[in-house]
J.: 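Submitted below is the structure of interest, expressed as structure tokens.
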Amino acid sequence: QVHLVESGGGLVQAGGSLRLSCAASGRSFGTYMMGWFRQTPGKEREFVAAISPSGGTTYYAEAVKGRFTISRDNAKNTVYLQMNSLRPEDTAVYSCVRRSEPFTTAQPMRVSEYSYWGQGTQVTVSS
């Protein structure tokens, strides 16, 4: 069984920074694409970022490109999301996700490609 546990959320002023972490249980962490999605009440889940199994390739939503950075440490079974220049519209619950199949990287922005989701961590950006 795979468990994903996020941490690092909180309240920050606009222009500030936060670093989210996601610790994953289960074997073969380094063979799966990992990612982050976010959701606000009344809206659908929104892709934020994803990273290939080796960490060599990253993908970002246009809304966060240049401000957010995804990274991973396969030795620690952990994926990170560094969020800089935060805006009020970044306020959401951020969830860590793991790909369904190992070694696959197609369609990284598609919700259905991820079988495992963390419980989420709240990020609130005040203006």
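Since this is a predicted model, take the numbers as computed values, not measurements. For the single chain, residues carry numbers from 1 onward in sequence order.
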J.: Examine L18 and I51 and state if one hydrophobic cluster contains both, with Ile, Leu, Val, Met, Phe, Trp and Tyr joined whenever side-chain heavy atoms are less than 4.5 Å apart.
T.: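 Yes, one cluster joins them.
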J.: Check whether any side-chain heavy atom of R98 lies under 4.5 Å from a side-chain heavy atom of L4, and answer yes or no.
T.: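 They are in contact (side-chain heavy atoms under 4.5 Å apart), so the answer is yes.
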J.: Atom OH in Y32, atom OG in S115: separation rounded to 0.5 Å?
T.: 9.5 Å
J.: Shortest non-hydrogen contact from A14 to S127?
T.: CB-CA, 4.4 Å
J.: Could you give all pairs that pass the ring pair (Phe, Tyr, Trp, His ring centres under 6.0 Å) test and reach residues 106-127, with sequence neighbours left out?
T.: F37-Y114, F37-W117
J.: Are any side-chain N or O atoms of E6 and backbone N or O atoms of Q119, one a donor and one an acceptor, separated by less than 3.5 Å?
T.: yes
J.: Using distance only, find each side-chain donor-acceptor pair of residues 101-113 under 3.5 Å and give its atom names and separation, not counting sequence neighbours.
T.:
residue	atom	partner	partner atom	Å
T104	OG1	R99	NE	3.3
T104	OG1	E101	O	3.0
E113	OE1	R99	NH2	3.2

J.: Going only through I, L, V, M, F, W and Y residues with side-chain contacts under 4.5 Å, is there a path from V64 to V79?
T.: yes
J.: Under a 3.5 Å distance rule, please check whether Q13 uses its side chain to pair with a backbone N or O of S126 as donor and acceptor.
T.: no
J.: Considering only residues two or more places apart or on different chains, which pairs with a residue in residues 84-95 satisfy side chain to side chain donor-acceptor pair (under 3.5 Å)?
T.: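 As it turns out, the side chain to side chain donor-acceptor pair (under 3.5 Å) pairs with a partner in residues 84-95, which skip direct neighbours, are S17-N84, R38-D90, R38-Y94, R67-D90, Q82-N84.
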J.: Decide whether F47 and M34 are clustered together by the hydrophobic rule: side chain heavy atoms of Ile, Leu, Val, Met, Phe, Trp, Tyr closer than 4.5 Å, transitively.
T.: no
J.: Hey, any chance V125 and L81 share a hydrophobic cluster, counting ILVMFWY side chains that come within less than 4.5 Å of each other, even indirectly?
T.: yes
J.: Could you list all the side chain to side chain donor-acceptor pair (under 3.5 Å) pairs where at least one residue sits in residues 54-63, not counting sequence neighbours?
T.: E62-K65
J.: How long is the gap from CH2 on W36 to CE on M83, to the nearest 0.5 Å?
T.: 8.0 Å
J.: Could you pull out all donor-acceptor pairs under 3.5 Å where a side-chain atom in residues 20-29 meets a protein atom, sequence neighbours excluded?
T.:
residue	atom	partner	partner atom	Å
S25	OG	H3	N	2.7
S25	OG	H3	O	3.4

J.: Of all residues at least two apart in sequence or in a different chain, which pass the side chain to side chain donor-acceptor pair (under 3.5 Å) check with T69?
T.: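 In terms of side chain to side chain donor-acceptor pair (under 3.5 Å), with neighbours along the sequence ignored, T69 is linked to no residue.
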J.: Looking at every non-hydrogen atom in both residues, tell me the closest pair between A50 and M33 and how far apart they are.
T.: CB-SD, 4.3 Å
